[in-house]
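Okay, so here's the structure we're looking at.
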Protein chains: 2
Amino acid sequence: MTEPNGKPWTMQQIADAAGVSVTTVSHTISGKRPVSPQTAQRIKGLIDEFGYVPDAGARRLQSGRSRMIGLAVPDISNWFFGRIARGVEEMANELDYGLIVCSTANSDPRREQRYFNMIRTRLIDGLIYTAGRQMPQTNELQKVAASAPVVLADEGIDSFASIPWVTSANLDGARQLARHVRELGHTRAVVIAGFAGLNSTIERVAGIRESFPNALVLYGDFDIDAGYDSIDDLLANDVSFTAVFGGNDLIAVGAIKRLREQGLTVPADVTVVGFDDIDIASVITPGLTTVRQDASGLGRNSARLLIEGLEAGSFEAVASVVLPVELIVRGTSAAPPTA
Amino acid sequence: MTEPNGKPWTMQQIADAAGVSVTTVSHTISGKRPVSPQTAQRIKGLIDEFGYVPDAGARRLQSGRSRMIGLAVPDISNWFFGRIARGVEEMANELDYGLIVCSTANSDPRREQRYFNMIRTRLIDGLIYTAGRQMPQTNELQKVAASAPVVLADEGIDSFASIPWVTSANLDGARQLARHVRELGHTRAVVIAGFAGLNSTIERVAGIRESFPNALVLYGDFDIDAGYDSIDDLLANDVSFTAVFGGNDLIAVGAIKRLREQGLTVPADVTVVGFDDIDIASVITPGLTTVRQDASGLGRNSARLLIEGLEAGSFEAVASVVLPVELIVRGTSAAPPTA
DNA sequence: GAAAGCGCGCAAAGCGTTTTGCAATCGTCG
DNA sequence: CGACGATTGCAAAACGCTTTGCGCGCTTTC
């Protein structure tokens with residue numbers, strides 16, 4: 001069919017063309033009541049021919065459900081969150097849900113409120129939330145969670161058992177990583193940890209401290225600059241160390257960059273390790289020793305949990321998920337200088 | 001106010017609480033007709049107190065506009081597209097529009113159709129489209145563009161003057177880059193170009209050929225593997241070259257990796273340059289010589305164009321935009337070996 | 001052969017907004 | 001002092017869809 005008169009086709013028009021009522025068309029589409037084969041055939045033909053697509057708003061208004069979920073991430077241009085988004089997107093697609101991605105610009109409260117409101121405007125049926133700088137005004141989050149399903153991805157939160165979450169085995173990963181560094185012979189390590197308030201940070205630091213109880217811990221941002229600047233601080237204060245644990249790979253990369261500029265060699269002089277295994281990690285020379293998180297899996301599982309709960313109409317039976325991680329040893333870790 | 005009975009508040013409930021009709025409430029919110037200060041005050045108070053948010057679907061159903069735009073990108077976990085998304089998101093936010101990001105998984109047609117349908121379901125008022133592998137079934141795109149506003153970001157398309165676009169000055173960037181390499185003394189260069197069908201690829205190759213008319217051009221993917229594998233092919237066939245132009249930075253990075261593994265030094269033996277200036281470019285050692293695109297600006301301008309057209313109700317006056325680029329010289333380009 | 005079942009289609013009632021067309025109240029002016 | 005704008009509030013009609021309650025005609029069953 002050619003285009004309508006500028007406006008999209010309505011179900012009524014399809015019904016008219018087929019010589020039936022809208023009810024019949026609706027039931028043909030939804031299958032909620034039997035329709036005679038010939039009629040169904042004819043209607044489907046018309047729908048294809050016209051290129052008819054039901055109005056999402058009207059549908060939702062009536063049915064109460066939009067088959068859309070939201071994903072809030074601190075920064076969509078960050079590879080790690082991008083990967084999570086991709087996982088969510090894939091799973092949502094498989095389960096026939098649409099996705100709205102929201103970048104909260106590192107927990108800018110105004111933005112965040114805006115996205116929380118999306119739930120309340122009934123634009124989306126549920127939300128997957130990944131914490132940025134810190135777990136937000138938890139009361140805000142909890143309020144939202146009270147009115148609609150929320151799943152936490154990447155960052156757990158203990159205080160509200162009612163909100164299911166999906167995280168990586170941060171403690172285990174950090175433990176393995178630290179053990180690896182310890183076994184290389186290092187005894188003096190520093191940790192450039194990232195945001196202090198996050199659960200994952202706490203777990204990672206704890207895991208490292210099992211092998212390096214006295215490691216100096218610096219908190220800060222989760223980006224390249226944080227790694228870069230922290231090295232400056234450490235050197236300026238004559239801190240002596242042979243190993244650096246980055247709170248994530250970006251921090252590690254920043255640290256490496258600065259160490260090199262200061263004339264130190266990685267890993268001959270200093271071992272540097274990260275966390276996440278982002279794409280950069282395998283590309284730099286030498287490759288970064290790190291712990292691989294299944295970012296895509298975090299996304300996929302979060303989406304699965306959320307949609308399962310949505311379909312079940314309750315989150316009673318929904319259990320949180322912890323994904324395994326994997327130690328990836330590359331070239332930035334080696335025995336400490338024998339001097 | 002405490003939560004409603006599980007369901008969100010309706011405008012009617014606010015009206016009842018305020019002792020007025022829904023009309024008055026609606027007008028208080030929209031400001032489309034005067035409301036007495038006291039009444040307005042009271043209603044606004046109630047709205048805040050209740051935490052009332054209008055139902056987006058109902059609103060759209062009535063008004064015909066959703067104040068939402070869509071962004072279709074090939075792969076959201078790609079830094080470059082993530083950056084574009086961020087730009088779009090920022091501008092949309094400034095103009096008080098919501099954003100739905102759609103990852104089309106490298107132009108998977110099924111996915112793409114799904115997102116095109118979003119426009120037709122009236123979920124979004126317009127679409128920003130960034131091409132992946134190739135410009136899609138242009139008729140499909142054109143069909144969509146006929147029923148709702150579309151702006152092309154990053155990739156222009158000449159054939160349809162009706163669709164405005166925002167791109168970088170690819171030709172100019174490539175020209176500058178090639179001239180730089182030429183001036184270093186190189187005479188034998190190869191181009192690992194990326195997808196052949198894209199406008200940007202064509203322009204970049206053209207720009208390079210101005211300085212290297214006989215450069216061998218290899219087409220392929222836009223990722224690290226493409227750069228990596230192409231180097232293998234080149235070496236296996238005894239192609240002699242002292243400079244490699246990557247179609248983008250990922251290709252360049254892959255090429256560098258493989259060259260190193262083959263015992264060649266960058267830039268002493270081979271000069272390698274990229275395009276885009278993604279975050280990795282400045283982090284690897286040595287830094288990658290490349291052309292900086294304003295990815296965020298691509299996003300911002302696309303959103304501006306789209307929303308301006310939306311508000312104006314027409315795209316007659318909307319002009320396409322070409323953003324300037326900047327040559328960034330770092331460490332991977334140097335004079336060819338004197339041997 | 002009449003009663004009961006069943007398959008299939010229709011009319012109509014919402015869903016929560018926005019947006020008319022009116023009506024009521026008030027102040028003001030001739 | 002009556003009438004006429006200006007102000008402000010109300011009732012009601014869409015918007016496009018889903019879903020319920022009916023009813024029609026046909027097949028079964030005793």
Side-chain angles (χ1 to χ4, degrees), chain A residues 4-44 46-47 50-68 117 119-123 125 147, chain B residues 4-44 46-47 50-68 117 119-123 125 147:
Chain A
N5 50 349
K7 301 281 140 223
W9 296 105
T10 72
M11 189 179 276
Q12 183 65 63
Q13 291 173 290
I14 302 291
D16 289 349
V20 299
S21 74
V22 289
T23 314
T24 310
V25 177
S26 178
H27 283 137
T28 304
I29 294 173
S30 70
K32 294 210 175 172
R33 251 179 24 189
V35 174
S36 87
Q38 314 91 295
T39 311
Q41 192 66 35
R42 187 154 37 97
I43 292 175
K44 279 180 186 156
L46 264 336
I47 289 178
F50 282 45
Y52 165 77
V53 181
D55 181 294
R59 184 173 243 179
R60 204 218 101 269
L61 183 55
Q62 170 62 29
S63 71
R65 325 228 297 95
S66 67
R67 292 194 76 81
M68 284 268 154
N117 272 353
I119 265 193
R120 326 202 38 215
T121 64
R122 305 281 120 174
L123 227 181
D125 292 337
S147 81
Chain B
N5 51 352
K7 299 284 137 222
W9 297 104
T10 71
M11 189 178 275
Q12 182 65 62
Q13 289 173 292
I14 303 292
D16 290 349
V20 299
S21 74
V22 289
T23 313
T24 310
V25 177
S26 177
H27 283 137
T28 305
I29 294 174
S30 71
K32 295 210 175 171
R33 251 180 22 190
V35 173
S36 86
Q38 314 91 293
T39 312
Q41 193 67 36
R42 186 153 38 95
I43 292 175
K44 279 180 186 155
L46 263 335
I47 289 178
F50 282 43
Y52 165 77
V53 180
D55 181 293
R59 185 173 243 182
R60 204 217 102 271
L61 183 55
Q62 171 59 31
S63 71
R65 325 227 299 94
S66 65
R67 293 195 76 81
M68 285 267 154
N117 272 353
I119 266 195
R120 325 203 37 216
T121 65
R122 306 279 122 176
L123 227 181
D125 292 339
S147 80

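In what follows, chains are A, B, ... by sequence order, proteins preceding strands, each numbered from 1. Just so we're clear, the structure is a prediction, and the values are computed from it rather than from any experiment.
Taking Gln12(B) as the reference, Thr10(B), Ala15(B), Asp16(B), Val22(B) meet the side chain to side chain contact (heavy atoms under 4.5 Å, CB included) condition, with sequence neighbours excluded. Judged as a side chain to side chain contact (heavy atoms under 4.5 Å, CB included), and not counting sequence neighbours, the contacts of Thr39(B) are Val20(B), Thr24(B), Val35(B), Ser36(B), Arg42(B), Ile43(B). Considering only residues two or more places apart in sequence or on other chains, Lys32(A) meets the side chain to side chain contact (heavy atoms under 4.5 Å, CB included) condition with His27(A), Ser30(A). With sequence neighbours excluded, the residues forming a salt bridge (charged side-chain N to carboxylate O under 4.0 Å, His left out) with Arg65(B) are Asp125(B), Glu311(B), listed by chain and number.
Sorted by first then second residue, the salt bridge (Lys or Arg N to Asp or Glu O under 4.0 Å) pairs that include residues 55-64 of chain B, not counting sequence neighbours, are Asp55(A)-Arg60(B), Arg60(A)-Asp55(B).
Between Arg120(A) and Gly51(B) the shortest heavy-atom distance is NH2-O, 2.8 Å. Scanning both residues, Pro8(A) and Gln13(A), for their nearest heavy atoms gives O-OE1, 4.0 Å.
The stretch residues 20-27 of chain B touches DNA chain D through Val20(B), Ser21(B), Thr23(B), Thr24(B), each having a heavy atom under 4.0 angstrom from the strand. A heavy-atom distance below 4.0 Å to DNA chain C is reached by these residues of residues 29-36 of chain B, ordered by number: Lys32(B), Arg33(B). Across residues 56-66 of chain A, Leu61(A), Gln62(A) each have a non-hydrogen atom less than 4.0 Å from an atom of DNA chain C (numbered order).
For the pair Thr28(B) and Ile47(B), the minimum side-chain heavy-atom distance is 4.5 Å or more. Leu46(B) is not listed as a side-chain neighbour of Trp9(B), based on a closest heavy-atom distance of 4.5 Å or more.
Separating the CE atom in Met11(A) from the OG1 atom in Thr23(A) is a distance of 9.5 Å, to the nearest 0.5 Å.
Over its length, the helix from dG1(C)-dC30(D) to dG30(C)-dC1(D) turns its helix axis by 60°, as judged from the five terminal pairs at each end, rounded to 10°.
A nucleotide of DNA chain D counts as in contact with chain A when one of its atoms lies under 4.0 Å from a heavy atom; the first and last such, 5' to 3', are dG16(D) to dG21(D). Here chain B contacts DNA chain C (any atom closer than 4.0 Å to a heavy atom, that is under 4.0 Å), and the contacts span dG16(C) to dG21(C) from 5' to 3'.
At distances below 3.5 Å, at least one donor-acceptor pair connects side-chain atoms of Ser66(A) with backbone N or O atoms of Leu123(A).
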